[in-house]
Amino acid sequence: MKSPFEGQLVRLRAREVDDLDRYHRWLNDPEVTQHVMMRYPISVAFERNYLESVAPTSFELALFSMDTLAGEHIGWCGLHGSSPEDRSASLGIAIGEKSYWNGGYGTDAMRVLCRFGFEHMNLHRIELNVFDDNPRAQRVYEKIGFKVEGCRREADYRYGRHRDIVVMGLLRGELVEESRPSGAAS
């Protein structure tokens, strides 16, 4: 049986302090963070403290480093704000290694993370926020089954202008798995 943390292209694993240099570089790269819900640069000390103190020790937080199947660390993702009563969580994802953008890695990681949320955390609903000027991400989310549920108009101000935040949701049973070529074995 395949690991619940592995997809066709990526493997999710625990975040480690050894990841610190990459996280610090990515989180201080404006091109990487332009579509992430963070605004200011971070110090190495801040990121080290975060990696050491924020551990997925409860239902409320499931954070992962994202590696290629060959073992190269390319990003992060997670489910946070989980509520056992509502069986819901919010999703966040970023690929920091830009050479892996547009290669299907984000789509694969999203599928793995959502499958983990539904099958191992017993979630019923996963939601996310995406900026209106990030159509690449919106297409990925729609491709795997997320539906647009609303818009928080002009909710973010960066780069001298306001941006809308699109709210999207996915319910248990709506995850679209990768389609197999006709004639492929199951």
Side-chain angles (χ1 to χ4, degrees), residues 1-20 22-23 26-27 35-38 47 50-97 100-101 103-130 136-150 166-180 184-186:
M1 184 165 124
K2 192 173 202 171
S3 164
F5 302 104
E6 192 170 294
Q8 302 296 316
L9 300 170
V10 301
R11 180 178 300 109
L12 306 184
R13 63 169 173 81
R15 294 164 45 110
E16 300 288 347
V17 174
D18 290 347
D19 300 330
L20 176 65
R22 285 179 297 279
Y23 279 123
W26 297 335
L27 292 170
H35 298 300
V36 177
M37 300 285 177
M38 69 172 292
E47 185 61 17
Y50 184 79
L51 283 171
E52 291 174 343
S53 66
V54 178
T57 58
S58 74
F59 181 79
E60 296 175 2
L61 194 58
L63 299 176
F64 300 98
S65 285
M66 180 192 322
D67 290 354
T68 65
L69 292 181
E72 184 173 350
H73 183 204
I74 62 170
W76 69 92
C77 61
L79 296 165
H80 58 276
S82 303
S83 162
E85 295 84 8
D86 297 327
R87 294 178 45 213
S88 66
S90 295
L91 184 147
I93 184 170
I95 295 179
E97 286 300 327
Y100 287 90
W101 289 2
Y105 294 89
T107 303
D108 192 46
M110 289 289 296
R111 283 190 176 108
V112 173
L113 185 60
C114 289
R115 208 169 28 246
F116 175 82
F118 292 132
E119 295 175 4
H120 296 276
M121 295 176 69
N122 196 29
L123 295 176
H124 175 71
R125 171 187 166 74
I126 298 172
E127 68 181 41
L128 59 84
N129 294 319
V130 59
R136 179 182 66 194
Q138 290 177 41
R139 282 191 304 276
V140 166
Y141 304 146
E142 289 171 345
K143 179 179 179 179
I144 69 166
F146 277 84
K147 310 279 188 283
V148 173
E149 297 180 334
V166 178
V167 179
M168 301 180 79
L170 179 72
L171 300 178
R172 179 185 288 273
E174 293 180 339
L175 180 62
V176 176
E177 294 293 346
E178 185 150 20
S179 58
R180 299 182 187 275
S186 298

Fit a plane to each ring of F5 and F116, take the angle between them on a 0 to 90° scale, and name the class: parallel (under 30°), tilted (30 to 60°) or perpendicular (over 60°).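 The arrangement is tilted - the two ring planes meet at 30° to 60°.
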Heavy-atom closest pair, residues [X] and [Y]:
X: R115; Y: L175; value: N-CD2, 3.9 Å
X: Y23; Y: G75; value: OH-O, 4.0 Å
X: I126; Y: F146; value: O-CE2, 3.4 Å

Nearest 0.5 angstrom please: [X] [atom1] to [Y] [atom2], how far?
X: F64; Y: R13; atom1: CZ; atom2: CZ; result: 11.5 Å
X: D108; Y: E6; atom1: CG; atom2: CD; result: 9.0 Å
X: K147; Y: M168; atom1: NZ; atom2: CE; result: 9.0 Å
X: R15; Y: C77; atom1: CZ; atom2: SG; result: 9.5 Å
X: E47; Y: L27; atom1: CD; atom2: CG; result: 5.5 Å
X: Y141; Y: T107; atom1: OH; atom2: OG1; result: 9.5 Å

Salt bridge (Lys or Arg N to Asp or Glu O under 4.0 Å) involving E149 - partner list, sequence neighbours excluded: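 Per chain and number, E149 pairs via salt bridge (Lys or Arg N to Asp or Glu O under 4.0 Å) with R125.
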Pairing of R22 and E97 as salt bridge, 4.0 angstrom limit: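 No, no charged N to carboxylate O under 4.0 Å.
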Would you check if the side chain of W101 reaches a backbone N or O of I95 as a donor-acceptor pair within less than 3.5 Å? yes
Judged by atom type as modelled, is there a donor-acceptor pair below 3.5 Å linking the side chain of D19 to the main-chain atoms of E16? yes
Is any side-chain heavy atom of [Y] closer than 4.5 Å to one of [X]?
X: R11; Y: V112; value: no
X: L9; Y: T68; value: no
X: F118; Y: L170; value: yes
X: M66; Y: Y100; value: no

Distance-only donor-acceptor hits, side chain of residues 86-93, under 3.5 Å, sequence neighbours excluded:
{"from": "D86", "atom 1": "OD2", "to": "S83", "atom 2": "OG", "distance (Å)": "3.4"}
{"from": "R87", "atom 1": "NE", "to": "N122", "atom 2": "O", "distance (Å)": "2.8"}
{"from": "R87", "atom 1": "NH2", "to": "N122", "atom 2": "OD1", "distance (Å)": "3.4"}

With side-chain contact (heavy atoms from CB on, under 4.5 Å) as the test, would you mind laying out the steps for W26 and V36 before giving the verdict? CA-CA 11 Å; W26 297 335; V36 177; over 6 Å; no
